[in-house]
Amino acid sequence: MILVTGGAGFIGSNFVLDWLAAGGEGVVNLDKLTYAGNLENLRSLEGNSRHVFVQGDIGDQQLVRQLLARHRPRAVLNFAAESHVDRSIHAPGTFIETNVVGTFRLLEAVRAYWGELKGGEREGFRLLHVSTDEVYGSLAPKDPAFTEQNKYEPNSPYSASKAASDHLVRAYHHTYGLPVLTTNCSNNYGPYHFPEKLIPLMIVNALAGKPLPVYGDGQQIRDWLYVGDHCSAIRRVLEAGRLGETYNIGGWNEKPNLEIVQTVCNLLDELKPRAGGGSYREQITFVTDRPGHDRRYAIDARKIERELGWKPAETFETGIRKTVRWYLEHGDWVQRVQSGAYREWMNTNYAARAA
Ligand code: NAD
Ligand code: TYD
């Protein structure tokens, strides 16, 4: 077995689905089911005995120790986190609770389990911690992309909490010899992406005839990676990554936000033209910027390519087309995730942003 945490969220659920489809070992999936966790993402696994879902907190050491003792996984993959920068600005507390304290407690439970393993089981065990490029801070326009040597300069409560978790993981390797691997990935997009993040929000708002809120001048740059490529990179790092190492994962797809939003509009114009005519671009609205907004992220993904032979399979053009199509075909999923809590968040984050 492997133990996946956060496997009902966006990336975690894509990972679990891909892993089981590829014939990997069984998965124990530990997820707290916060607003971002959704069992519907895993519906195709209902009745599949290779998938065991457990609702619970990575910070619940007793539960994690029980799961480890019962299922004896050969690896733990930690996807569980609070993940949205804007939410971390409004309410940082849960980010510290889950990303820092939760990761610490998970590490303690895993250290105790690993400490009792013997021989091949001990040799083969891995803890893979999934992290973000945001820990490196913000780049100026001509700066080289982030390598694994860049220093950590996190700027938001989210990225600071992820940076803290990365440091703990590193320290558990250095101090206790825990066999860890860390991945730092750029912005993902694809199926099951919760519509509070840029790309799914723009698709969902466009189709609902709502404004498309671009923060500031829309010239902030992110590197975008199709979620399936992130999952294949994680599989590869788990398989062959060197212990204690970190691997940057990216799509070589740096694009300003405004261009991303315009691309989404162009695809929707083609695939689902507006009922009243005209382009979805007419719905673009520039709104008050995010406080402390990082200007640019870019990932240098040469280490994972050189050492592990991993490269993304999708280009941005193929990945974004698949993604827009997925949202057009999954209107029911979109409707169901837009609960009362979702509407409350939309109000908290956007009502006070003057156009
Ligand atoms: P997400 O917010 O969609 O999902 C997070 C999942 O973790 C949810 O299912 C949630 O219920 C669960 N969770 C939250 N707190 C928990 C806790 N205390 N115990 C157990 N489960 C808990 O996030 P995502 O976009 O899928 O991101 C997954 C991981 O990848 C995160 O660690 C994130 O920092 C990292 N990451 C995300 C991106 C991105 O673009 N989304 C990029 C790089 C790295
Ligand atoms: P997001 O998807 O929240 O990811 P992150 O902040 O982790 O990079 O945002 C991606 C970019 O899009 C970021 O620069 C902020 C911007 N953005 C908007 O312009 N409008 C929005 O409504 C949202 C959610 C994000």
Side-chain angles (χ1 to χ4, degrees), residues 4-16 29-39 41-42 54-60 63-64 77-89 94-95 97-99 101-103 105-106 129-135 138 155-156 158-159 161-162 165-166 183-190 192-202 205 211-225 227 230 234 248-250 255-258 260-261 284-290 293-297 299 337 345-346 349-350 353:
V4 168
T5 72
F10 164 47
I11 303 173
S13 63
N14 274 283
F15 181 85
V16 169
N29 186 346
L30 172 66
D31 194 296
K32 189 175 175 182
L33 295 181
T34 66
Y35 79 93
N38 186 354
L39 279 181
N41 302 1
L42 303 163
V54 179
Q55 183 172 5
D57 195 318
I58 55 166
D60 182 344
L63 171 65
V64 176
L77 289 88
N78 184 31
F79 293 84
E82 289 291 336
S83 70
H84 189 30
V85 173
D86 291 319
R87 286 188 191 252
S88 83
I89 294 168
T94 50
F95 288 72
E97 274 307 319
T98 285
N99 301 359
V101 182
T103 303
R105 296 216 171 106
L106 177 70
H129 177 63
V130 179
S131 192
T132 167
D133 60 356
E134 305 194 20
V135 296
S138 185
N155 289 320
S156 71
Y158 164 65
S159 55
S161 67
K162 290 296 290 185
S165 68
D166 294 9
T183 56
N184 293 90
C185 189
S186 59
N187 285 56
N188 285 214
Y189 65 98
Y192 303 114
H193 205 181
F194 194 76
E196 64 182 357
K197 305 278 173 72
L198 181 72
I199 290 179
L201 179 81
M202 294 300 159
N205 275 15
L212 308 181
V214 172
Y215 295 166
D217 62 2
Q219 293 309 309
Q220 303 83 4
I221 290 172
R222 299 289 182 266
D223 168 68
W224 293 93
L225 180 70
V227 64
H230 188 188
I234 290 172
N248 282 358
I249 304 171
K255 295 202 187 294
N257 293 338
L258 183 59
I260 296 287
V261 178
I284 293 176
T285 312
F286 292 90
V287 300
T288 309
D289 208 350
R290 171 188 283 174
H293 199 170
D294 284 338
R295 197 69 185 164
R296 174 176 166 240
Y297 305 140
I299 277 277
V337 298
W345 165 250
M346 287 295 122
N349 193 42
Y350 295 98
R353 283 181 196 272

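Side chains are part of it too, since the values below use all heavy atoms of this structure and drop only hydrogens, waters and symmetry mates. One-based numbering, in listed order, for ligands and for the atoms of each. Here the structure is a predicted model, which means the values were calculated and not measured.
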Under 3.5 Å: N/O of [X] near N/O of ligand 2:
X	answer
E134	yes
Q220	no
L198	yes
Y215	yes
R222	yes
V85	no
N187	yes

Enumerated ligand 2 atoms positioned under 4.0 Å from heavy atoms of H293
13 (C), 14 (O), 15 (C)
For E196, counting its heavy atoms only, list the atoms of ligand 2 lying under 4.0 Å from any of them.
24 (C)
Judged by non-hydrogen atoms, does G7 sit under 4.0 Å from ligand 1?
no
Mark the output for A8 as yes if a heavy-atom distance to ligand 1 is under 4.0 Å, and as no if none is.
yes
Can you report which non-hydrogen protein atom sits closest to [atom], along with the distance?
atom	value
atom 40 (O) of ligand 1	N188 N, 2.9 Å
atom 32 (O) of ligand 1	K162 NZ, 2.7 Å
atom 2 (O) of ligand 1	S83 OG, 2.7 Å
atom 29 (C) of ligand 1	F79 O, 3.2 Å
atom 9 (O) of ligand 2	R290 NH2, 3.9 Å
atom 8 (C) of ligand 1	D31 OD2, 3.5 Å
atom 34 (O) of ligand 1	Y158 OH, 2.7 Å
atom 35 (C) of ligand 1	V130 CG1, 4.1 Å
atom 38 (C) of ligand 1	I11 CD1, 3.6 Å

Compare all side-chain heavy atoms of Y189 with those of K197 and state whether any distance is below 4.5 angstrom.
no
Are any non-hydrogen side-chain atoms of V261 and L198 less than 4.5 angstrom apart?
yes
If we ignore angles and hydrogens, is there a donor and acceptor under 3.5 Å between the side chains of H129 and T103?
no
How does L33 reach ligand 1, if at all, at less than 4.0 Å between non-hydrogen atoms: by side chain, backbone, both, or neither?
backbone
Under 4.0 angstrom from ligand 2, any heavy atom of Y158?
no
For atom 42 (C) of ligand 1, which of the options S186, G37, G12 provides the nearest non-hydrogen atom?
S186
Could you pull out, from A81, A80, S131, the option with a heavy atom nearest to atom 14 (C) of ligand 1?
A81
Checking contacts here: is it the side chain or the backbone of V287 that comes within 4.0 Å of ligand 2, counting heavy atoms only? Could be both or neither.
neither
Just heavy atoms, cut-off under 4.0 Å: does I260 contact ligand 2 by side chain, backbone, both, or neither?
neither
Backbone of P211 reached by a side-chain donor or acceptor of N205 within 3.5 Å:
yes
CD1 on I221 to CG on L258, rounded to 0.5 Å:
11.5 Å
Number the atoms of ligand 1 from 1 as they appear, then name those within less than 4.0 Å of a heavy atom of N187, with their elements.
40 (O)
List ligand 1 atoms under 4.0 Å from G9, heavy atoms only on the residue side.
3 (O), 4 (O), 6 (C), 8 (C), 9 (O)
Do you know which of F10, W345, Y35 makes ring pair (Phe, Tyr, Trp, His ring centres under 6.0 Å) with F194?
Y35
Look at K162 together with D133 and state whether they make a salt bridge at an N to O cut-off of under 4.0 Å.
no
